[in-house]
Amino acid sequence: MAGQEQDKAYDPRGIEEKWYGYWLAKGLFSADPAATGEAYSIVIPPPNVTGSLHMGHALNVTLQDVLIRYNLMLGRNALWLPGTDHAGIATQNVVERLLAREGKSRQDLGREKFVERVWKWKEESGGTILRQLKRLGAACDWGRERFTMDEGLSRAVREAFVRLYRKGLIYRGRYIINWCPRCRTALSDLEVSYEETKGALYYIKYPELSGRRSVTVATTRPETMLGDTAVAVNPKDERFTGRVGATLRLPLMNRPIPLIADEMVDREFGTGAVKITPAHDPNDFEVARRHELPSVRVIDESGKMTAEAGAFAGQDRFACRKAVVLKLKEEGLLAKEEPYLHNVGHCYRCKTVVEPAESIQWFVKTKPLAEPAILAVKSGETRIIPSQWERTYFDWMENIRDWCISRQIWWGHRIPAYHCAACGQTTVAVETPDRCAFCGSGNLKQEEDVLDTWFSSALWPFSTLGWPETTPDLASYYPTSALVTGFDILFFWVARMMMMGIEFTGKAPFRDVVIHALVRDVRGEKMSKTRGNVIDPLEVMDRYGTDAFRFTLVALAAQGRDIRMSDDRVEGYRNFMNKIFQAGRFVRMHVDEETPKELPGDLQVVDRWILSRLQRVTDEIRRGIEEYRFNDAGSAFYQFTWHEFCDWYVEMIKPSLSPEADPQVRRDQRAVLLHVFDTILALGHPFIPFITEEIRQSLPGERDSILRRGYPEADASMLDVDVEEDMGHLMEVVRAVRNIRSELSVPPGKRVEVRLKGQVEELAFLREHEEIIHRLARAQKVVYMDPEYIPVQDATAVVNDIEVCLPLAGLIDFDQEARRLRKEIDKADAELSVVMAKLSNEKFVASAPGDIVTAHRTRKDDLEEKLSKLSKNLELVTRYLS
RNA sequence: GGGCGGAUAGCUCAGAUGGUAGAGCAUCGCCCUUACAAGGCGAGGGCCACAGGUUCAAGUCCUGUUCCGCCUACCA
């Protein structure tokens, strides 16, 4: 029994896989650059090969899928290009962890073997996330799947590198960069995340060599003092007048260092004197350049103290910090130590504290690239949506700093630069050169470093389409139509794609950049493994079905807001899926192979009403998708389908579908029903692809995919304002009856007479469609009263110019009816006073637009009329009571 | 230190170009009415954070304040 009950509800299991396979088999997602139709293209933000689907991907992918399916249905030549990112550091970490389990390090294997091992891992485990995208229904063109380390994309990377190098936009040099001692590689500025950390500010005395005075400096990293080569003060600081040029003794190292003057020093901070450690601080590095100071590297690439650290050599940097402080105390040179809250940089991959360190790295000179990228957005060539992100984009672009692109890891694109052992010059070339371009020597050795993963990602919109070759794909699908992504990678990725895209193709890579929200948990917290609040999208899909999950994401995807995901929401939309499924069953019960596809020439009023509403909602949904207001599109679809089509239209037409109905009327009615429902399915398909395909193909006669149906288009000729208004009144009459029945506890099974009082012409429409009122209001019969009728023992309500009267003597408590009427009167009264207040204001009448004033006037008349009717009826009721 | 976003019904949130406050969930009544109890019908619930200002009219525009969140920054 219970089983049967369950069978009546929608069960997405089995259906989803079936249709996804069907779409693939039919090649519906395979794009052809030669095909007709306006091109529409999206490249997927490539997820990490190491990744598995999380809520962020789910939202991102769903929105793209909505766009792609919508455009496919519009008949455009739509391409959605999928792929993954090799994610250098992350992937290398994964494989290193696997090796560690075998007790091996990557160094044990050696570079070549290690890289082979990573490839093997990628082949075996790298496809997880792509399989999960399929589960979501993603209409990707899998034949065009790309990986950032593909042969083609690697070629593009080398080409881009060489071109930038030749233009002088890539250079190599010794600078301060962010170094992760755990990953043992340089990081770009963006890959460092600053976290507020409780530390201490140490005040250290540096004695002058001659004399008894000393200079006190403040630092949060005392261990770096071992590498100090100067102390700096502001030249305008009177406290140090006459002392600049003095020689100080560097404590613990007993090295003489100068006291210098530099503008960079803030007189207000600390003691006004700064220790200068050129090898381990970006500011100090600059100061050292200006003053030609030597640089002493005291921390090595694994975070241990170097031989330059004297007695502290070999210690870990944090152990050394303690040791240095202790030693300074012993020597009486620690003036003060105070707690200090400051921002400390951490590696965004492994959370290790980053160490600024001087080393030789490769950089992209970004300013010349940023300028046109700024211009592209300013000119509107690329739109950022929502536009408030433009400002963030400009801020970053305008203050952009050079980009450190070399990484000291093995997994990635090896930099195409070859150092000559003979002359020391570096040859940069796309293909491995035989000889040094400078001296002709064959003794070349390729650069060991690989490129930042984001370097290859920056080329993604065109490298995936075949660049640097001029391919048909590139010609047809570049620039792409939209990029859909989260704001967290606006700088990492979007900004860099803009720069590279313009540099190499002359065109910005996207028409629109659509920035969507972050998905958070119910409490609004960011989902993270450490917090343990991660909701697994796959589990949600298992429980509620993919369509319900997708619709939830769409419905919650309001622009500029974060999304709070919870089971309740998904459950609500799961119910909506069931509603659609049930509606499908209803339609299937009433239509058959004979049901005409075309709308009948002769439409009933209810049909004209639903068709008019359908045009409006079609328009709303299309506008929503086109303006990336997905939630608006989703809720328009929801409201219409459930609350207009199911709640009203289906209920209203039941009589004309019954076997007793006139065959012609029945046939016509079926045709309209089918047409409207079919349109609903098509409208919903981009959001809920599986259930719409399933139901549509279960309808009589349907054998082709819903994707080929074409997206519904609003037909203005079907709009009918009058019918919408008349039907609105009729529905209000029904509601009024229902309300009275419910409020006054009229037994549900009890049929009552409905008396409609008003002028003949006002009653005409209702009289014509009496059948609807009769059924939906559970009327025993509907009768019409002229305006002279006095409803002595009736419960009453006012709908526009009509009074709805229910003779209920003996059935109800008239005390209650009196209370009900008073409540109505109060409501109308309150509203009237608001309207009156406006109308009695001369300035309002004088300066407000005419139509607004007119609207208020009619509103006033209506309310007064309503009030007079209500009061009269209340009087009747109370008189009857006494 | 700069910048951005948020504060609207018990909860989660919508409310383009200023013109009579909406949805979903939750709550309360009543109903297994033959598509649907994952349902139907009805109802209650809001000085739209605070203080000023602009305007005939302000969740909506301007200024300031208070909380909350995020991004960014070379104060050692």
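Each chain gets a letter, A, B and so on, in the order the sequences are listed, and its residues count up from 1.
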What nucleotide among [options] has an atom nearest to a side-chain atom of [X]?
| X | options | value |
| --- | --- | --- |
| A:Pro748 | B:U20, B:C31, B:C25 | B:C31 |
| A:Gln639 | B:G42, B:A14, B:G24 | B:G24 |
| A:Arg391 | B:C36, B:C4, B:A43 | B:C4 |
| A:Gln388 | B:G5, B:C56, B:G19 | B:G5 |
| A:Asn575 | B:U20, B:G39, B:G19 | B:G39 |
| A:Gln582 | B:C56, B:C36, B:A57 | B:C36 |
| A:Lys8 | B:A38, B:C36, B:G24 | B:C36 |
| A:Arg735 | B:A43, B:G42, B:C36 | B:G42 |
| A:Lys827 | B:G44, B:G24, B:A38 | B:G44 |

Calculate the interatomic distance between [X] atom [atom1] and [N] atom [atom2]; express it in whole Å.
| X | N | atom1 | atom2 | result |
| --- | --- | --- | --- | --- |
| A:Phe645 | B:G39 | CZ | P | 17 Å |
| A:Leu776 | B:G40 | CG | P | 14 Å |
| A:Asp568 | B:C13 | CG | C1' | 14 Å |
| A:Phe640 | B:G24 | CZ | P | 16 Å |
| A:Glu824 | B:G44 | CD | P | 9 Å |
| A:Ile625 | B:A16 | CD1 | P | 20 Å |
| A:Leu839 | B:A57 | CG | P | 14 Å |
| A:Asp851 | B:C56 | CG | P | 18 Å |

With both distances kept under 3.5 Å, what pairs with [N], Watson-Crick or G-U wobble?
| N | result |
| --- | --- |
| B:C47 | none |
| B:U60 | none |
| B:C13 | B:G22 |
| B:A7 | B:U66 |
| B:G29 | B:C41 |
| B:C75 | none |

### Message
Does the protein touch nucleotides 71-76 of chain B at the base, only the backbone, or not at all? Give it as B, S and - per nucleotide, heavy atoms under 4.0 Å.
### Response
-SBBBB
Can you tell me how far [atom1] in [N] sits from the matching atom in [M], rounded to whole Å?
| N | M | atom1 | result |
| --- | --- | --- | --- |
| B:C68 | B:U54 | C1' | 29 Å |
| B:C25 | B:G42 | P | 15 Å |
| B:G53 | B:G44 | P | 36 Å |
| B:G40 | B:G52 | P | 46 Å |
| B:G59 | B:A51 | P | 13 Å |

Could you tell me whether [X] contacts a base, only the sugar-phosphate backbone, or nothing, with contacts defined as non-hydrogen atoms closer than 4.0 Å?
| X | result |
| --- | --- |
| A:Glu286 | nothing |
| A:Lys654 | base |
| A:Tyr638 | sugar-phosphate |
| A:Arg859 | base |
| A:His643 | sugar-phosphate |
| A:Val845 | nothing |
| A:Pro747 | nothing |
| A:Arg738 | sugar-phosphate |

### Message
Is B:G5 syn or anti, taking syn as a glycosidic angle within 90° of 0?
### Response
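Anti conformation here, the glycosidic angle of B:G5 being more than 90° from 0.
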Let me confirm one number: the [atom1]-[atom2] distance from [X] to [Y], rounded to the nearest 0.5 Å.
| X | Y | atom1 | atom2 | value |
| --- | --- | --- | --- | --- |
| A:Arg221 | A:Arg317 | CZ | CZ | 9.5 Å |
| A:Phe549 | A:Arg543 | CZ | CZ | 11.0 Å |
| A:Thr271 | A:Arg239 | OG1 | CZ | 7.0 Å |

### Query
Nearest nucleotide by nearest heavy atom, which residue falls closer to the 5' end of RNA chain B, A:Lys843 or A:Glu831?
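Closer to the 5' end of RNA chain B: A:Glu831.
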### Task
Find which nucleotide of RNA chain B each of A:Val734 and A:Cys646 is nearest to by heavy atoms, and output the residue with the more 5' nucleotide.
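Looking at the nearest nucleotide for each, A:Cys646 comes out on the 5' side.
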Determine, for [X] against [Y], whether the closest basic-nitrogen to carboxylate-oxygen distance falls under 4.0 angstrom.
| X | Y | answer |
| --- | --- | --- |
| A:Glu694 | A:Arg696 | no |
| A:Asp237 | A:Arg267 | no |
| A:Glu620 | A:Arg616 | no |
| A:Glu263 | A:Lys236 | yes |
| A:Lys823 | A:Glu743 | yes |
| A:Arg623 | A:Asp619 | yes |

### Query
Can you find an N or O donor on one side and an acceptor on the other, under 3.5 Å apart, linking the side chain of A:Lys579 with the base of B:C36?
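When only heavy-atom distances are counted, A:Lys579 does reach the base of B:C36 through a donor-acceptor pair under 3.5 Å.
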### Task
Applying ring pair (Phe, Tyr, Trp, His ring centres under 6.0 Å), name anything that partners A:Tyr638, two or more places apart in sequence or on another chain.
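Result, ring pair (Phe, Tyr, Trp, His ring centres under 6.0 Å) vs A:Tyr638: A:Tyr573, A:Phe576, A:Trp642.
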### Query
Considering only heavy atoms from C-beta outward, does the side chain of A:Arg778 approach that of A:Val752 to under 4.5 Å?
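With C-beta onward as the side chain, the pair stays apart.
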### Message
Less than 4.0 angstrom between a side-chain N/O of A:Trp642 and OP1 or OP2 of B:G40, yes or no?
### Response
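Yes, A:Trp642 has a side-chain N/O under 4.0 Å of OP1/OP2 on B:G40.
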